[in-house]
Amino acid sequence: MNFQICSGNQEEAGVTKKKDIISFSKQAARNSICYLLLYPKDNSPALKIPMKTQGNCDTVYTVGIQGLDWKNYDYNFEINGEEVTDLYARKITGREVWGDAARRPKEQKSEPFVPQKEKRKMEQLQGKSILAEKRQKEENHLGKVKSSFYFSDFKWKDKVYEGVKKEDMVIYKLHVRGFSMGMQGNSSRRGTVEAIERKLDYFKGLGITTLLFMPMYEFEEILLLDKSKHQTQPKDLINCWGYTVGSYFAPKASYLGKGNNPDNLKRLIQKMHEKQMECILEFYFPKKINPHLIIDVLRYWNREYHVDGFRLLGCPPVAELLAQDSRLSGCKLFYEGFSEELAQDRQRFGPRLFTYNEEFLYEVRKVLNRQGGSIYEFACQMRRQQEHQGYVNFIAENNGFTLWDVFSYEHKHNEQNLEENRDGNDWNGSSNCGQEGISRMRQVNELRKRQVKNALAVIFLAQGIPMIWMGDECGNTQRGNNNAYCQDNEIGWKDWKRTAASRQLISYVERLSGLRREYPMLRSPHPFHLQDYGNKGCPDLSYHSDGAWKMDFSMNRGFLGMFYFGAYAGRKENLYVAWNFQTVPQKFALPEGMKWKLLLNTAAEPAVLEQPGELGHIREFQAKEHSVCLLRGEAFSEEKSRRRRKRSEKSADLAKGEKQ
């Protein structure tokens, strides 16, 4: 051994490096017997080094090694005879290959058949002891998951990046592998962050500012046998999503691409920042996990990988604690709900807060699919905004149907999950537009296309932050599977086939996001007051119906007009959105004194007009059934109107004189 054992650093958990000393630290119960296991990468026998407590800290076991050539070793800990990986490991080896069968427990493996004659020949030629030693060596190294060292010298170039304001955010949620495995060709980049990096311009074209990644920390994707789910052969099932306990400090090796190098993830995030895009990561923590570990995890990813924010799942008490962590003050924190009192607390110097839940999803689906939805609740969701926190609005995500399937399937079809269709949500607020699943009926498909466009319009025209799920921009389907957590195949992957319909929908999303960027009334950072609190001539937002300036919500009719007064956003023009969720056309009364232009009509193609359609000085507008229309109104004064009428009358008199 070309190294020396010395005292370790008990102040920091995991592995730390100071000059030529590598320190190892592990928490364990009092009076535990702890060892550091060093695994040479040449597969020679592991080294077993005792770890001890220091001073009055009797639950932290440490050891230091001076002169260790750490690049040639992996490591684990042994606690009271049980081998475990380091909770604070910054890199994990043994999971570089996605779904590697070598990691399956013996009872789930299919052993290759070897005839008895062949076995006897091998034993005679090589000797039983040699075979046993060889088998033991293979078991020690093949499929073994080990902690690894990661000391990076990556040079960051994104110090000037300041993030995206909440009113400018457009989120795209994705799974690294699911997003890229369906790409054409057999590139080794598929399923990795390198494929994501090559698609950043694709996201920018859609108007995306923020990528929300499903778990990217190291987790075991191979599902173990679950007898409660009547599984007899789980070897074909993979936990694609990763909402499970994992090695939280280590990025998932099989996602990293060339050399399984964590620097590839840093390179992706740096490229995102160069393009003014944010990186948000999801983390699942079980309820009983140590809160201190969670805090350490988020601080590490923010510091080491320059991650811009986190969405937390499964840890309610810690969410409020993290909301007050000043070390995360430059981050964004997403959780199922934060009180406005906490968000606006002046003594809170933590991250910016965002509410992420399914409230918007179900209220909007019920209205879109005419399943007992409330038009009043719809109106509330469309203007939902708070001063000190943001709201994420979505109608589809990984946990449920894709957006296309919301209008193609009335019932879930999860048979391929091998749980007899018992898993997944039984009530989805979905419809099939007349036929369950794939249809060749033109009328059914046209209605589905329009409903998808309506849903996307709802997302982009609502005041909260729009979020679209991977593939919804091009009509992706999971064939009715609303719980595709184990579908590592075409069902769970984004479809990259460029059909005429998918190109049309992608273009629609690009133009919708453009409308949202162009008109600040659609993305106010402040809540609307529904009154003219600034004495500008009209309320900031008002509701209308077939009569101007009035809306009887108690009647719960399936249509609504929303008028945004531009003066409150510093604009001269105003916007009017006509929402018609009925099965018949509907007339909308418009505020008078304006010249109107049509910007969006989901009943037409293209839905977002390349040039605004001139409507003139109309007082009434008719929207087709199942459609959303966006109008721009330019106000004119009564004096200008009188002059316009006089010029018109003079022209008419001159025309009459010429005829005579």
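Note that these values count all heavy atoms, side chains included, but never hydrogens, waters or copies made by symmetry. These figures come from a predicted structure and were not determined experimentally.
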Ignoring hydrogens and geometry beyond distance, is a side-chain donor-acceptor pair present between Tyr88 and Asp296 at under 3.5 Å?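 Yes.
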Ion pair check, Lys157 and Glu274, cut-off under 4.0 Å: no
Are more than 12 heavy atoms from other residues, nucleotides or ligands located less than 6.0 Å from atom NZ of Lys258? no
Salt-bridge criterion met for Lys494 and Glu473 (N-O under 4.0 Å):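 Judged by the 4.0 Å cut-off on N to carboxylate O distance, Lys494 and Glu473 do form a salt bridge.
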Does the structure place the NZ or CZ of Lys71 under 6.0 Å from the centre of the six-membered ring of Phe149, at an angle of no more than 45° from the ring's axis? no
Using only heavy-atom distances, determine whether the side chains of Thr62 and Gln54 contain a donor-acceptor pair under 3.5 Å. yes
I'd like to know if Arg327 pairs up with Asp325 as an ion pair, taking the criterion as any Lys NZ or Arg NE/NH1/NH2 lying under 4.0 Å from an Asp or Glu carboxylate oxygen. no
Indicate the ring-plane relationship of Trp496 and Tyr202, choosing parallel, tilted or perpendicular according to the 30° and 60° boundaries.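 Geometry flag for Tyr202 against Trp496: tilted rings.
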Please state whether the rings of His306 and His273 are parallel, tilted or perpendicular, taking 30° and 60° as the class boundaries.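 Rings of His306 and His273: parallel, under 30°.
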Do Phe349 and Ser329 have side chains that approach each other closer than 4.5 Å (heavy atoms only, starting at C-beta)? no
Is the CZ atom of Arg198 crowded by more than 12 outside heavy atoms at less than 6.0 Å? no
Take atom NZ in Lys165; do more than 12 heavy atoms of anything else shown fall under 6.0 Å from it? no
Does Arg267 come within less than 4.0 Å of Glu194, counting only side-chain N to carboxylate O?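 Answer for the salt bridge query: no.
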Between the side chains of Tyr150 and Ser152, is a donor N or O closer than 3.5 angstrom to an acceptor N or O?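 Yes, Ser152 and Tyr150 have a side-chain donor paired with an acceptor closer than 3.5 Å.
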Just wondering, more than 12 heavy atoms not from Lys271 lying within 6.0 Å of its NZ? no
Ile506 versus Arg498: any side-chain heavy-atom pair under 4.5 Å? yes
Describe, in one word, how the ring planes of His175 and Tyr255 are oriented to each other, choosing from parallel (under 30°), tilted (30 to 60°) and perpendicular (over 60°). perpendicular
Flag the pair Glu490 and Lys497 as a salt bridge only when some basic side-chain nitrogen lies within less than 4.0 angstrom of an acidic carboxylate oxygen.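 The answer is no: the pair does not qualify as a salt bridge.
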With no hydrogens and no angle check, do the side chains of Glu415 and Asn481 hold a donor and an acceptor under 3.5 Å apart?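 Glu415 vs Asn481: no donor-acceptor pair found between side chains.
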For residues Thr244 and Glu220, is any side-chain donor paired with an opposing acceptor at under 3.5 Å? no
Anything under 30° is parallel, anything over 60° is perpendicular, the rest tilted; go ahead and classify Trp301 against Phe283. perpendicular
Report yes if some heavy atom in the side chain of Val15 is under 4.5 Å from a heavy atom in the side chain of Arg90; otherwise report no.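 Not in contact.
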Please tell me whether Glu83 and Asn76 have a donor and an acceptor in their side chains that are separated by less than 3.5 angstrom. yes
Side chains of Asn483 and Asn414: do they bring a donor and an acceptor to under 3.5 Å?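 Not at all, the side chains of Asn483 and Asn414 share no donor-acceptor pair under 3.5 Å.
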Is it the case that the side chains of Glu282 and Tyr243 hold a donor-acceptor pair, with the cut-off being a distance below 3.5 Å and no angle test?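 Looking only at side-chain atoms, Glu282 and Tyr243 do form a donor-acceptor pair, the distance falling under 3.5 Å.
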Between Asp201 and Lys275, does any side-chain N to carboxylate O distance fall below 4.0 Å? yes
More than 12 heavy atoms from other groups under 6.0 Å of CD on Gln416: no
